[in-house]
Enquirer: 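Quick one: this structure, given as structure tokens, is what I'll be asking you about.
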Amino acid sequence: FVDEEEPVWSATRFMKFAWADAGYPDLFLPFAPENVAPMSSRSNHCVPYQEGQTLTVPISGGQVAVTVEKVTTTAAFLVESSQTIPSSTLNNFASTWDSTIYPVDTQYFGAAPDVDNNCQIEIIIYNIDGGGNTGGYFSPGLSGQRESLFVDVADLGWGNTILAHEFQHLLHNARDPFEYIWIDEGAADLAAYLCFGVDSTLSDHANTWSMNTSFSLRWWNQRTADHGAGFLFMVYLADKLGGAPSIRSLTADTAIGGTGIENLARNPGPGSTLIGRTMSEIFANFSAAVTLDSSQGAYGFSDLEMSDECASGYVCKAKSSGSNQQWSEDWQSPGHSIEGWGLRSYRFTQGTGDPLNLMVQPDRYGFEGAILVRESATGTWTMSELRIDSSTGIGTGLIHGFGNTTAEVWLFVWYNSLIDDCDYDFANCGILPAGSYPTGSITVNAGLITEPAEVTIDSVQTFDRDGDELHDS
């Protein structure tokens, strides 16, 4: 939640790993077809908490005595009995929950489950570990019996952000508990953004990836850039594929990773912008959007304002890995490493009107790319695929009228590794080579074609195909 001198973290991932290692005990899917009707019938007769009630509730590693200090129609704030929280603080949480967090999160990620039949989300505020470190969590191991979110009493300054983030985890887990982390965490950051806009934490997440786009979008290794890549990608999907109804569809789809995203892209919501049908096509358009933030179609964001500078509180555009505008000699940039489903981008300007020749030399098969050109007269962007030679893996492209009809060229390159969606080095990654996520490197070459190529015939071999003893080929 906060990455400063005293960082504040979510412990949800730790809880989920422990739950998975134990074999997902008490797994219950309240929105599975066989469970929807019984749950709906129960919710018509729910028994909500009342202020002043006392009870004991389970927490990580034990239980705690609490008092119901504040209730709304959708939440009950349960405070550890030995703790005192000002009524103004609880009133602020309750008001923000009712006006913002609950309606926004449920609009984008689906209705709240109610397995404990009280029509409320338990928000349990207790002393987790003092100030900093763990700020809050959602415990999926308890989700089969109750809907609970946990907040550290010492970190209430970030309480609303914690609740927006953790409530998404609860809603997502109720529908798709096996989703890859990069999507679930990206959606949790999306929830915080939808509720409260860009703050210093979200900008730090996003900008860390924007300045290091060679880090994978689809490999989760608990890095700040992993948060940022997932966040930006989920904002992009919400922006281009139909908003809240489409994100609800993605959350409810039990197909995980890239398969679920491709399902959404092929069946987007009303008012959507086409961004491709495969992950490779989607990634190409996403790469253009985070780099340019253009107002044209798939190549930018409608609501997220991206800046040129990477400053706290602002989300910056992805930084290029190289550029060139001097063409007295050919340009080369060697040794750019990329994780699978990471990005490298290159910008070329100040052409002379001669064709621009591009070549990408990889150290292994599997690289793909896209070329984005801006027309001089209209400013319109047009994207084409980088041509990949199937025998060598080398990518090439040719742009006519560079500096004349074409004003600006961007080259986007990514490693389309066969191992794609992956949590750390877990079994859901498949077989990791040498125990690590795939990484490759490229050398990029660019130059102008200033005169026609010379072609010479080295030898001639003749054939007599019709057997008349005359050369006919």
Side-chain angles (χ1 to χ4, degrees), residues 180-183 186 208-223 225-226 228-230 232-233 236 257-259 261-262 265 275-291 318-323 332-347 358-372 383-397 410-426 428-446:
Y180 283 97
I181 298 174
W182 72 271
I183 293 178
T208 300
W209 185 76
S210 291
M211 293 186 289
N212 301 275
T213 59
S214 63
F215 286 178
S216 176
L217 167 67
R218 302 173 72 177
W219 177 38
W220 183 268
N221 201 30
Q222 198 62 44
R223 302 168 296 190
D226 298 341
L232 289 171
F233 192 79
Y236 184 67
T259 301
I261 291 167
E262 289 176 345
I275 61 173
R277 296 173 59 83
T278 67
M279 275 301 293
S280 190
E281 293 170 349
I282 297 165
F283 191 79
N285 285 309
F286 167 70
S287 299
V290 295
T291 302
K319 300 307 178 185
S320 70
S321 299
S323 63
Q332 184 181 79
S333 187
H336 294 274
S337 64
I338 313 178
E339 293 177 353
W341 296 94
L343 168 68
R344 291 286 187 179
S345 61
Y346 306 87
R347 181 174 182 258
L358 300 175
M359 181 169 67
V360 177
Q361 296 171 287
D363 68 344
R364 66 200 63 208
Y365 290 99
F367 280 87
E368 295 187 4
I371 300 170
L372 195 66
M383 181 178 285
S384 60
E385 292 183 4
L386 185 72
R387 177 189 174 276
I388 304 296
D389 188 303
S390 60
S391 62
T392 64
I394 291 175
T396 55
W410 280 89
L411 170 65
F412 303 112
V413 184
W414 60 94
Y415 179 21
N416 188 356
S417 59
L418 294 179
I419 296 173
D420 41 43
D421 301 307
C422 179
D423 296 338
Y424 297 100
D425 58 356
F426 293 172
N428 65 7
C429 304
I431 300 175
L432 290 176
S436 61
Y437 193 75
T439 302
S441 67
I442 57 173
T443 294
V444 178
N445 302 271

Enquirer: Examine distances only and state if a side-chain atom of D226 and a backbone atom of N221 form a donor-acceptor pair shorter than 3.5 Å.
Expert: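 Present.
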Enquirer: Are side-chain heavy atoms of I394 and P362 found at a separation under 4.5 Å?
Expert: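 Result yes, sub-4.5 Å side-chain heavy-atom pair found.
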Enquirer: Please list, chain by chain and in numerical order, all residues satisfying ring pair (Phe, Tyr, Trp, His ring centres under 6.0 Å) with Y365, sequence neighbours excluded.
Expert: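 For Y365, no residue satisfies ring pair (Phe, Tyr, Trp, His ring centres under 6.0 Å) once neighbours in sequence are set aside.
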Enquirer: Give every residue pair that meets the side-chain hydrogen bond (donor to acceptor under 3.5 Å, both in side chains) criterion with at least one member in residues 385-394, sequence neighbours excluded.
Expert: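 Matches after skipping sequence neighbours: D389-S391.
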Enquirer: Decide side chain to side chain contact (heavy atoms under 4.5 Å, CB included) for M279 and W341; before the verdict, give the C-alpha distance in whole Å, the side-chain angles of both, and the deciding distance to 0.1 Å.
Expert: CA-CA 10 Å; M279 275 301 293; W341 296 94; 4.0 Å; yes
Enquirer: Identify, with sequence neighbours excluded, every residue that meets ring pair (Phe, Tyr, Trp, His ring centres under 6.0 Å) alongside Y437.
Expert: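 With sequence neighbours excluded, Y437 shows a ring pair (Phe, Tyr, Trp, His ring centres under 6.0 Å) to W219, given in chain and number order.
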Enquirer: Applying side-chain hydrogen bond (donor to acceptor under 3.5 Å, both in side chains), name anything that partners S441, two or more places apart in sequence or on another chain.
Expert: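 Partners of S441 under the side-chain hydrogen bond (donor to acceptor under 3.5 Å, both in side chains) test: D363.
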Enquirer: Using a 4.5 Å cut-off on heavy atoms from C-beta on, say whether the side chain of L358 contacts that of Y346.
Expert: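 They are not in side-chain contact.
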Enquirer: Using salt bridge (charged side-chain N to carboxylate O under 4.0 Å, His left out) as the criterion, list what pairs up with E339, not counting sequence neighbours.
Expert: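 E339 satisfies salt bridge (charged side-chain N to carboxylate O under 4.0 Å, His left out) with R223 only.
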Enquirer: With the side chain counted from C-beta on, respond yes when T291 and T213 share a heavy-atom pair under 4.5 Å apart, and no when they do not.
Expert: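 They are not in side-chain contact.
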Enquirer: What residues, two or more places apart in sequence or in another chain, satisfy side-chain hydrogen bond (donor to acceptor under 3.5 Å, both in side chains) together with S321?
Expert: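 In terms of side-chain hydrogen bond (donor to acceptor under 3.5 Å, both in side chains), with neighbours along the sequence ignored, S321 is linked to R344.
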Enquirer: Can you list the residues that meet the side chain to side chain contact (heavy atoms under 4.5 Å, CB included) rule with A284, with sequence neighbours excluded?
Expert: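 If we apply the side chain to side chain contact (heavy atoms under 4.5 Å, CB included) test to A284, skipping adjacent residues, the hits are A370, M383, W414.
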Enquirer: Working note: I181 + Y424, criterion side chain to side chain contact (heavy atoms under 4.5 Å, CB included); need CA distance, chi angles, decisive distance, verdict.
Expert: CA-CA 9 Å; I181 298 174; Y424 297 100; 3.9 Å; yes
Enquirer: Using the test side-chain hydrogen bond (donor to acceptor under 3.5 Å, both in side chains), find all partners of S333 that sit at least two apart in sequence or belong to another chain.
Expert: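 Result, side-chain hydrogen bond (donor to acceptor under 3.5 Å, both in side chains) vs S333: H336.
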Enquirer: Parallel under 30°, tilted from 30 to 60°, perpendicular over 60°: which one fits the rings of Y415 and F367?
Expert: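 The arrangement is parallel - the two ring planes meet at less than 30°.
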Enquirer: What salt bridge (Lys or Arg N to Asp or Glu O under 4.0 Å) pairs are there with at least one residue in residues 416-426, not counting sequence neighbours?
Expert: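 Matches after skipping sequence neighbours: R218-D420, R218-D421.
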Enquirer: Start with the C-alpha gap between F286 and L343, add the side-chain angles, then the distance that decides, and say whether side chain to side chain contact (heavy atoms under 4.5 Å, CB included) holds.
Expert: CA-CA 10 Å; F286 167 70; L343 168 68; over 6 Å; no
Enquirer: Can you tell me how far OG1 of T439 sits from CZ of R364, rounded to the nearest 0.5 angstrom?
Expert: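 Separation between the atoms: 7.5 Å.
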Enquirer: According to side-chain hydrogen bond (donor to acceptor under 3.5 Å, both in side chains), who are the partners of E262, at least two apart in sequence or on a separate chain?
Expert: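 Partners of E262 by the side-chain hydrogen bond (donor to acceptor under 3.5 Å, both in side chains) criterion come out as none, since no residue qualifies.
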Enquirer: Just to verify, what does Y180 make a ring pair (Phe, Tyr, Trp, His ring centres under 6.0 Å) with, not counting sequence neighbours?
Expert: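 For Y180, no residue satisfies ring pair (Phe, Tyr, Trp, His ring centres under 6.0 Å) once neighbours in sequence are set aside.
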